[in-house]
Amino acid sequence: MIINLLSNILWTAICVFLSHNFPLNNSFKASCLACCVAIVLSLGIIPFVGQKDDRPAISFVLGFIKHICLSLIVSFILFLGLELLIQSLVFLFDLYIGDKQVLYLLIFCFFFLAPSLVVLQTPSVEDKYAVSDWMQNKFMNGVIHFLVIPLHFVYLLTLYLYVIKIVLTWTLPNGWVSWLVTALMFLTIVIVFLLYPVNFQAEKKRFDQLVLRYLPIVVLPLLFLMSIGIIRRFNDYGISVLRIYLLAFNLWCYAVCIGLYVVKSKRLSWIVGSFTALILILTVLPYNVFTFTRNKLQSDIKQIAMENGVTNFPMDSATYKKLLNKIGEVQGEQLSDKVYYLSSTFDTLAIDELVDRKGVFIYEFLYMSKVKTEKHFVDIDCKYSASLCTIPKGYTSYRIVGHDYSSEGFSFETKNDTMFITMDYMLNNKRVEDFISIPVNTLKEMDKADKVSSPTFYGKSICFYMTNLSCDLEEDNVNLRGVLFIK
């Protein structure tokens, strides 16, 4: 009774906290996810503390997975049956049913019914602690020896062949190899858990003994390959939250492989416990992976700016563009990558200390700045006043161009050093096309200028008051913002 009351109080406090901090930033989301993962993993550890071995815990987890699969199958069958019934009512009785009925059915079947069926299959205390040998089951034995282990062998063979390749060609490993080694390590842990009953069998199969004893040692050299791939990612692309997690996972894999060989796979619960502790330490503590990454990126960006003469922060648009042009294309692209990652991964406070975002569309500004060093790219921000923008004589209506991202792009073609932009708009429920022309030299001069007043361009039946233009002159699409006046 007391435990249930405390659980409800804790859950209420969590809900109130989340509601007051909504929408959650990425750090909070990661912390919530880490806590959920820790709770799920602890279900296979805490209830079995004090047991002589890990067979009851592994048996409980395998049974839990079986119950989840059965519940999902039953829920899916019920979903298909109810959906067929609803469609029959529509066709047979001409009933109108809204478009969201499929969503409601999915929620009922998979978010209410399926979890309820899993809970109903919860084993009793006696069954939970029962010691069983799942390898005596023909199905499980077949899955282990004819599916999981062969797949692991193929992964091993592929990675060792890749090691031979990079040694012969004397090149660094591709960063992608980290994901393949991660999958290999996951299969290694699965195999060790599934073969765990071998330690207690009277008649032990030699093959199973060898796999259980030496598989971690066979995988260990490939973890070094993963380490090199991660280091190369850091050198090529810099620091990121995901790469730090991957590096921590790599170090944890070293500890797991060495630990399994030392303890001879006699106990396995420490693997789950150490992984749970790792994700909580990296994610939930006040100074975590997100905090470290944010501080490091801010420090790197500020250092680069100060080394190149920037003293006032936050930087405005003109200062930022001058900085990119000064440091060159390669370093400028790296700097923009860091600023863009900082703005997209963390809250606005992380970037507001470095770049003044007032009046600037941050994602466009940062992304377009990456290629600003190329001569064929233009990005023009015009100084304008909404109060001074009046409808010209002879024009009867207007349209806001670039009010949302779906209406920004316009096609253009360049002839005789002049850009002809196709401006399409709706008039009397009909799509109408018109053209405006802008000399390319005019665009380049406006792009170089520090302050540009909003220019006006005319077409056959339109007048365009431009506030922003960005495009690659070698492509066929331009992003525009401004006001389009129509006769």
Side-chain angles (χ1 to χ4, degrees), residues 1-48 56-128 130 132 134 137 139-140 143 147 186 190 193 272 275-276 279-280 283-284 406:
M1 182 66 181
I2 297 177
I3 295 178
N4 290 335
L5 179 61
L6 292 176
S7 299
N8 286 317
I9 293 174
L10 178 62
W11 180 243
T12 303
I14 292 173
C15 291
V16 171
F17 175 79
L18 293 178
S19 64
H20 280 283
N21 290 277
F22 191 83
L24 302 177
N25 58 35
N26 288 335
S27 180
F28 267 122
K29 292 176 183 177
S31 298
C32 294
L33 180 60
C35 290
C36 292
V37 171
I39 291 172
V40 172
L41 293 178
S42 64
L43 294 176
I45 301 176
I46 296 177
F48 302 95
I58 300 175
S59 180
F60 171 78
V61 172
L62 292 176
F64 188 73
I65 294 174
K66 182 182 72 173
H67 297 158
I68 292 176
C69 294
L70 289 175
S71 300
L72 290 176
I73 292 173
V74 172
S75 300
F76 181 68
I77 293 173
L78 180 64
F79 168 76
L80 292 179
L82 291 175
E83 179 63 18
L84 178 61
L85 176 62
I86 291 174
Q87 294 301 324
S88 299
L89 294 175
V90 172
F91 287 106
L92 296 178
F93 299 98
D94 296 327
L95 296 178
Y96 173 77
I97 298 176
D99 298 333
K100 294 184 178 180
Q101 53 90 10
V102 176
L103 177 61
Y104 295 148
L105 277 180
L106 287 172
I107 293 174
F108 172 75
C109 292
F110 294 99
F111 291 90
F112 174 75
L113 180 62
S116 300
L117 292 176
V118 173
V119 173
L120 289 174
Q121 298 178 85
T122 302
S124 62
V125 177
E126 294 79 10
D127 294 336
K128 182 174 67 174
S132 62
W134 51 88
N137 183 290
F139 176 77
M140 284 297 297
V143 169
L147 289 179
F186 174 77
V190 169
F193 272 85
V272 181
F275 181 78
T276 304
I279 60 173
L280 290 177
T283 311
V284 178
S406 61

A.B. asks: Considering all heavy atoms of both residues, which atom of Val272 and which atom of Phe193 are nearest to each other, and what is their separation?
C.D. replies: CG2-CZ, 4.0 Å
A.B. asks: Within this structure, what is the OG-CG distance for the pair Ser88 and Leu84, rounded to the nearest 0.5 Å?
C.D. replies: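 Here the interatomic distance stands at 4.5 Å.
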A.B. asks: Could you pull out all residues at least two apart from Ser75 that satisfy side-chain hydrogen bond (donor to acceptor under 3.5 Å, both in side chains)?
C.D. replies: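 Checked Ser75 against side-chain hydrogen bond (donor to acceptor under 3.5 Å, both in side chains); zero matches.
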A.B. asks: For Ala38 versus Thr276, what's the shortest heavy-atom pair and its separation?
C.D. replies: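 Ala38 and Thr276 have their closest heavy atoms at CB-CG2, 3.5 Å.
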A.B. asks: Where is the tightest heavy-atom contact between Met140 and Leu62, given as atom of each residue plus distance?
C.D. replies: CE-CD1, 4.4 Å
A.B. asks: Can you check whether Leu70 reaches Lys66 side chain to side chain, under 4.5 Å on heavy atoms?
C.D. replies: yes
A.B. asks: Indicate the atoms forming the closest heavy-atom contact of Leu280 with Ala34, along with that distance.
C.D. replies: CD2-O, 4.0 Å
A.B. asks: Nearest 0.5 Å, please: how far is CZ in Phe28 from CG in Leu33?
C.D. replies: 14.5 Å
A.B. asks: For the atom pair CD1 (Ile77) and CG (Leu82), what is the distance rounded to the nearest 0.5 Å?
C.D. replies: 12.0 Å
A.B. asks: Between CG of Leu105 and CG of Leu85, what distance do you get to the nearest 0.5 Å?
C.D. replies: 9.5 Å
A.B. asks: Would you give the length of the straight line joining atom CG of Leu113 to atom CG of Leu120, rounded to the nearest 0.5 angstrom?
C.D. replies: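 With rounding to 0.5 Å, CG (Leu113) is 9.0 Å from CG (Leu120).
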A.B. asks: Looking only at heavy atoms, what is the nearest atom pair of Ile86 and Gln101, with distance?
C.D. replies: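 Taking Ile86 first and Gln101 second, the nearest heavy atoms are CD1-OE1, 3.6 Å.
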A.B. asks: Say whether, by atom type as modelled, one donor and one acceptor occur between the side chain of Ser59 and the main chain of Pro56 under 3.5 angstrom.
C.D. replies: no
A.B. asks: Side-chain contact test, heavy atoms from C-beta onward, threshold under 4.5 Å: evaluate it for Phe48 versus Val61 and give yes or no.
C.D. replies: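 No, every pair of side-chain atoms sits at 4.5 Å or beyond.
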A.B. asks: Could you tell me the separation between the CG atom of Leu92 and the CD atom of Gln87, rounded to the nearest 0.5 Å?
C.D. replies: 11.0 Å
A.B. asks: Are the side chain of Ser31 and the backbone of Thr283 linked by a donor-acceptor contact shorter than 3.5 Å?
C.D. replies: yes
A.B. asks: Provide the closest heavy-atom pair for Phe60 versus Leu43 in the form atom of the first, atom of the second, distance.
C.D. replies: CE2-O, 3.8 Å
A.B. asks: Going through the distances and angles, do Val102 and Phe79 end up as a side chain to side chain contact (heavy atoms under 4.5 Å, CB included)?
C.D. replies: CA-CA 9 Å; Val102 176; Phe79 168 76; 4.1 Å; yes
A.B. asks: Per the ring-ring contact (aromatic ring centres under 6.0 Å, His included) rule, what does the pair list look like for residues 105-125, sequence neighbours excluded?
C.D. replies: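 Of all non-adjacent pairs touching residues 105-125, those that pass ring-ring contact (aromatic ring centres under 6.0 Å, His included) are Phe108-Phe112.
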